[in-house]
Amino acid sequence: MNKNTPRMGSYLFPILIVLMLFSFFGDYFSPYTEISVDQLVSKIEKGEVKEITSKGREVKLKLSNDTLVKSNLPREFQDTFYDNYLKDRVEKGQIKYTGLTESNGMALSTIIPSLITLVGVGFLFYILISKSANAGNQASQFAKNRAKLNLDKNNHVKFKDVAGLKEEKEEMYELVDFLRNPKKYIDQGARIPKGVLLMGQPGTGKTYLSKAVAGEAEVPFYSISGSDFVEMYVGVGASRVRDMFTEAKKNAPCIIFIDEIDAVGRKRGSGLGGGHDEREQTLNQLLVEMDGFSKNEGIIIIAATNRPDILDPALLRPGRFDRTIQIGMPDVREREEILQVHTRNKKLASDVNLANIAKATSGFSPAELENLTNEAALLAARYRKENITSDLIEEAAIKVMAGPEKKSAAVIERERKLTAYHEAGHAVTAEFLPELDPVHIITIVPRGNAGGFTAYIPEEDKSFRTRNEMKNRIVSLLGGRAAEELILDDISTGASNDIERATQIARSMVKTYGFSDKLGPILYNDGSGNMFLGGNEYSSGDHYSEQTAVLIDSEVTSIIKDSYDRAKEILSNHKDFLEELAQLLLKQETIRKAEYDEIAKKYSVKENISSEIEEI
Ligand code: ADP
Ligand code: ZN
């Protein structure tokens with residue numbers, strides 16, 4: 001529809017409505033009162049009529065008292081009316097008669113309202129039709145629009161920008177080579193995967209690596225999220241999948257990146273309430289399309305998920321996502337490389353040592369590391385520093401870890417005191433437990449949800465942990481709460497996160513790692529069967545009897561209780577250390593490693609409290 005029409009319509013329309021109303025109900029506004037034919041005849045016979053105008057069956061009269069009346073003649077009356085009632089009187093000059101011919105009347109007053117009505121109705125139709133046509137358009141485009149692949153035109157990511165991931169890059173390099181000169185592979189009869197599935201936690205670089213493949217091969221990078229396919233309306237998702245492939249074929253060679261493939265690719269016939277028809281249709285369409293395009297069309301689909309366990313096995317069959325690459329969290333060396341990549345274009349002060357930062361950022365995902373370098377640069381700009389110093393990096397790291405400082409939140413003194421003893425409790429317990437990482441920073445500046453926190457530097461990346469180490473970890477997690485109870489004789493809600501983590505560790509010690517002597521080395525949960533997360537089973541997925549459940553609970557409880565007692569024991573043996581740390585925290589809010597080490601030296605070397613040292 002032309003853009004001007006609605007505006008024109010906006011004033012044309014009311015006018016038409018008024019005209020139509022007039023033509024329909026015009027009679028109500030006319031000055032003539034309606035009378036019956038009997039009355040009409042009697043008025044004529046009584047000689048009360050001055051003038052008569054007749055038009056077809058309608059007669060309008062002007063009475064002698066000047067009132068206006070009208071009447072409609074019955075059809076059989078129409079032809080004889082003049083002769084029978086008027087002829088004599090008109091000829092005698094008693095009544096003035098105007099007979100309008102039928103056709104005239106039509107022209108003037110019947111046709112015009114009808115015309116107006118016609119035009120009006122036509123116009124209405126026009127609006128309605130064009131509106132619904134528009135709506136139809138919208139409906140069909142609706143399916144298309146959102147499935148529109150996002151083309152990243154500024155994709156400059158190359159393999160050299162991807163730190164670490166050596167093997168992964170090598171595997172992906174084959175795809176690059178294929179996209180660059182498919183002919184080589186076609187001649188060789190080699191089968192190149194149509195689809196690659198990247199599995200890994202959020203922020204581990206699945207998108208980034210895929211972009212690098214496109215960047216390296218110099219082909220377009222299209223991305224779409226699995227959740228874009230999933231809609232309320234049945235059939236929309238499937239048509240989106242179809243459109244996506246049509247579009248991709250037009251732009252081949254190219255990479256299509258489907259993020260969160262689990263949103264569509266979930267196991268069929270699973271989850272609560274049976275299947276989800278729409279999702280299944282979408283998934284089926286995806287499978288059909290993937291089977292349909294020949295392997296050498298130059299389209300490679302890379303999908304990403306962090307829930308590979310819930311994917312429909314059909315997706316992973318040959319000819320579909322038949323290659324899966326696991327992307328893990330970076331280790332210390334990889335973290336250093338990632339930091340190098342992202343500080344390449346930033347000015348670092350000479351005191352910055354990326355290796356040390358890499359050490360202190362255990363558990364950071366690549367995305368968080370990238371975020372850290374960016375935050376540090378922002379801080380440097382805010383403080384108008386020439387370059388990024390290690391202090392700024394530390395501040396940025398804390399910000400990334402715990403959210404920005406809540407400078408405005410006034411913390412009441414009692415709360416500060418609780419937090420100071422709580423954090424000192426963590427540090428002191430950790431200090432006197434073997435196998436725990438050294439304290440890196442303690443602070444009572446509130447950030448995010450935390451009132452304060454204590455961070456440790458892991459000496460090295462450990463991929464396995466011993467039973468003692470896990471127990472000790474629980475002790476130091478509970479050290480915060482223990483200090484509150486010991487010193488202030490009151491406990492706060494601030495420890496809820498510690499308690500949650502301690503409980504998780506204790507449960508996994510018993511159920512997953514077989515660390516409990518009573519239960520033995522048996523796996524008590526397989527974690528796969530959670531139906532709320534799309535698993536296949538309606539059971540809880542844990543395979544053990546009621547008695548075992550009771551035993552597990554009592555084992556977990558006793559681990560936690562023992563650990564808590566141990567934490568209290570350590571703290572009461574080292575109250576002066578706890579006191580000094582807490583007081584210093586109250587004074588200066590943050591204690592960094594060097595300062596902490598000084599204080600800790602005064603009180604002890606790590607003593608070996610744990611009696612049994614059992615390695616796994
Ligand atoms: P995912 O898709 O796995 O959730 P992204 O690919 O979006 O994660 O990664 C987020 C950011 O992390 C990227 O923009 C990039 O800056 C950084 N990043 C991820 N992996 C690497 C890597 N191997 N080297 C350097 N930077 C990386
Ligand atoms: Zn705590």
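From a predicted model like this one, the values you see are computed outputs, not experimental measurements. Counting convention: from 1, in listed order, for ligands and their atoms alike.
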- Would you say K561 has more than 12 foreign heavy atoms packed within less than 6.0 Å of its NZ? no
- More than 12 heavy atoms of other groups within 6.0 Å of D489 CG: no
- Which is the closest N/O/S atom of H422 when seen from the Zn ion (ligand 2)? NE2
- Message: Less than 4.0 Å is my threshold; does some heavy atom of G203 fall inside it relative to ligand 1?
- Response: yes
- If you measure from CD on E174 to CZ on R323, what distance do you get to the nearest 0.5 Å? 4.5 Å
- Message: Suppose I only count heavy atoms of V162 and a 4.0 Å limit; which atoms of ligand 1 are within that range?
- Response: 23 (N), 24 (N)
- Counting from 1 in the order shown, the ligand 1 atoms closer than 4.0 Å to a non-hydrogen atom of L165 are 23 (N)
- Query: Hey, what do you get for CD1 (I256) to CZ (F221), rounding to the nearest 0.5 Å?
  - Reply: 10.5 Å
- Just heavy atoms, cut-off under 4.0 Å: does E370 contact ligand 1 by side chain, backbone, both, or neither? side chain
- Is the distance from the Zn ion (ligand 2) to some N, O or S atom of D498 under 2.8 Å? yes
- Message: Checking a contact table here: which protein heavy atom is nearest atom 5 (P) of ligand 1, and how many Å away?
- Response: G205 CA, 3.7 Å
- Message: Please determine whether salt bridge (charged side-chain N to carboxylate O under 4.0 Å, His left out) holds for the pair E218 and R180, giving the CA-CA distance in whole Å, both sets of side-chain angles, and the decisive distance to 0.1 Å.
- Response: CA-CA 8 Å; E218 292 175 343; R180 272 196 193 143; 5.7 Å; no
- Does a side chain donor of either E431 or Y596 reach within less than 3.5 Å of an acceptor in the other side chain? yes
- Closest approach of any protein heavy atom to atom 10 (C) of ligand 1, naming residue and atom: A367 CB, 3.6 Å
- Query: In H426, the N, O or S atom nearest to the Zn ion (ligand 2) is which?
  - Reply: NE2
- Message: Tell me the closest heavy-atom pair linking A349 and N387, and the distance in Å.
- Response: CB-OD1, 3.6 Å
- Under 4.0 Å from a heavy atom of T204: give me the atoms of ligand 1 that qualify, with their elements. 3 (O), 8 (O), 20 (N)
- Could you find the nearest protein heavy atom to atom 22 (C) of ligand 1 and give me its residue, atom name and distance? A163 N, 3.6 Å
- Task: Quick one: pull up CD1 in I444 and CG in L418 and give me the separation to the nearest 0.5 Å.
- Result: 11.0 Å
- Task: Could you tell me if any non-hydrogen atom of H342 lies under 4.0 Å from any atom of ligand 1?
- Result: yes
- Query: Taking atom NZ of K347 as the centre, does the number of heavy atoms from other residues, nucleotides or ligands within less than 6.0 Å exceed 12?
  - Reply: no
- Query: At what distance is the nearest protein heavy atom to atom 13 (C) of ligand 1, and which residue and atom is it?
  - Reply: Y208 CD1, 3.7 Å
- Which residue supplies the protein heavy atom nearest to atom 2 (O) of ligand 1, what is that atom called, and how far is it? T207 OG1, 2.4 Å
- Answer side chain, backbone, both or neither: which part of P366 comes under 4.0 Å from ligand 1, heavy atoms only. both
- Message: With the threshold set at under 4.0 angstrom, would you say D161 reaches ligand 1 through any of its heavy atoms?
- Response: yes
- Task: Identify, by atom number and element, the atoms of ligand 1 in contact range of P202, meaning under 4.0 Å from any of its heavy atoms.
- Result: 4 (O)
- Is atom CD of E386 surrounded by more than 12 heavy atoms (other residues, nucleotides or ligands) closer than 6.0 Å? no
- Aromatic rings H574 and F432: how do their planes relate, parallel, tilted or perpendicular, breaks at 30° and 60°? parallel
